[in-house]
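Written out below as structure tokens is the structure these notes cover.
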Amino acid sequence: MVYCIFGENCTGKKALAEKICKKTGAVLYCGKDYLRLAPSEADAAAAFHALLSEADARIVYVAEEKSRLSFVPDTAVKILMTADLEIIKERSAQRMGGPLPPHVEKILERKHGSFDTLPHDYHVHNGMWNELELI
């Protein structure tokens, strides 16, 4: 089974991915981790697409860019992660170790909701995946 978890920064994607990996024994790929599969980006992308398409693949892929969703086969379980803007700002500030600089806050505001209309099988909002029966 291939799971694709996608959404904005600080919405809980990696925490859910790690839980699924622990429960299923799947291999976790985040962002551009697939680049380690081959020396060139094009070859690595092709190798990753092939890996995701294998019938017995057990992979959890965390995609933080919409363009990376093109790697994901139609048969994958697609999980959209969203959060309220204030929660994203709080989590981002924690990661940065202090208050958000104004330009970072504006970037978060501009990107907020940018994944919301993409096709998905499940939608997890504000990290409420404990109730989600995925596995």
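The model shown is predicted, which means the values in this text are computed figures rather than measured ones.
In this structure a side-chain-to-backbone donor-acceptor pair under 3.5 Å is present from H120 to L118. Counting only distance, with no hydrogens or angles, the side chain of D43 and the backbone of S40 share no donor-acceptor pair below 3.5 Å. For the pair K78 (side chain) and A76 (backbone), a donor-acceptor distance under 3.5 Å is present.
The closest side-chain heavy-atom distance from H123 to M81 is not below 4.5 Å. Side-chain contact between K14 and E18 is present, with heavy atoms from C-beta onward closer than 4.5 Å. Counting heavy atoms from C-beta on, the side chains of E41 and Y34 come closer than 4.5 Å.
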(message) Let's go through L80 and D121 carefully: what are the C-alpha distance in whole Å and the side-chain angles of both, what is the deciding distance for side chain to side chain contact (heavy atoms under 4.5 Å, CB included) to 0.1 Å, and is it a yes or a no?
(response) CA-CA 8 Å; L80 168 63; D121 300 304; over 6 Å; no
(message) side chain to side chain contact (heavy atoms under 4.5 Å, CB included), that's the test. Do N9 and T11 meet it? Break it down for me.
(response) CA-CA 6 Å; N9 288 336; T11 56; over 6 Å; no
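For the residue pair L69 and C4, the shortest heavy atom distance occurs at CD2-SG, 3.5 Å.
The stretch residues 103-114 participates, sequence neighbours left out, in these side-chain hydrogen bond (donor to acceptor under 3.5 Å, both in side chains) pairs: E8-H112, K89-E105, K89-E109. Sorted by first and then second residue, the side-chain hydrogen bond (donor to acceptor under 3.5 Å, both in side chains) pairs with a member in residues 44-63 form an empty list; sequence neighbours excluded.
A chain of hydrophobic side-chain contacts below 4.5 Å, direct or via other Ile, Leu, Val, Met, Phe, Trp or Tyr residues, connects I20 to V124. Residues Y29 and V60 fall into different hydrophobic clusters, defined by Ile, Leu, Val, Met, Phe, Trp and Tyr side chains chained together at heavy-atom separations under 4.5 Å. A continuous path of ILVMFWY side-chain contacts below 4.5 Å connects I5 to M1, so both sit in one hydrophobic cluster. I59 and V77 fall into different hydrophobic clusters, where Ile, Leu, Val, Met, Phe, Trp and Tyr residues are linked whenever their side-chain heavy atoms come under 4.5 Å apart, directly or through other members. One hydrophobic cluster, built from ILVMFWY side chains closer than 4.5 Å, holds both V27 and L52.
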Name the atoms and distances for all side-chain donor-acceptor pairs under 3.5 Å in residues 90-97, with sequence neighbours left out.
residue : atom : partner : partner atom : Å
R91     : NH1  : C10     : O            : 2.9
S92     : OG   : I88     : O            : 2.8

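From E86, atom CD reaches atom CG of N126 across 11.5 Å, with rounding to the nearest 0.5 Å. Atom NZ of K13 is separated from atom CZ of F115 by 7.0 Å, given to the nearest 0.5 angstrom.
A donor-acceptor pair shorter than 3.5 Å can be found between the side chains of D84 and H125.
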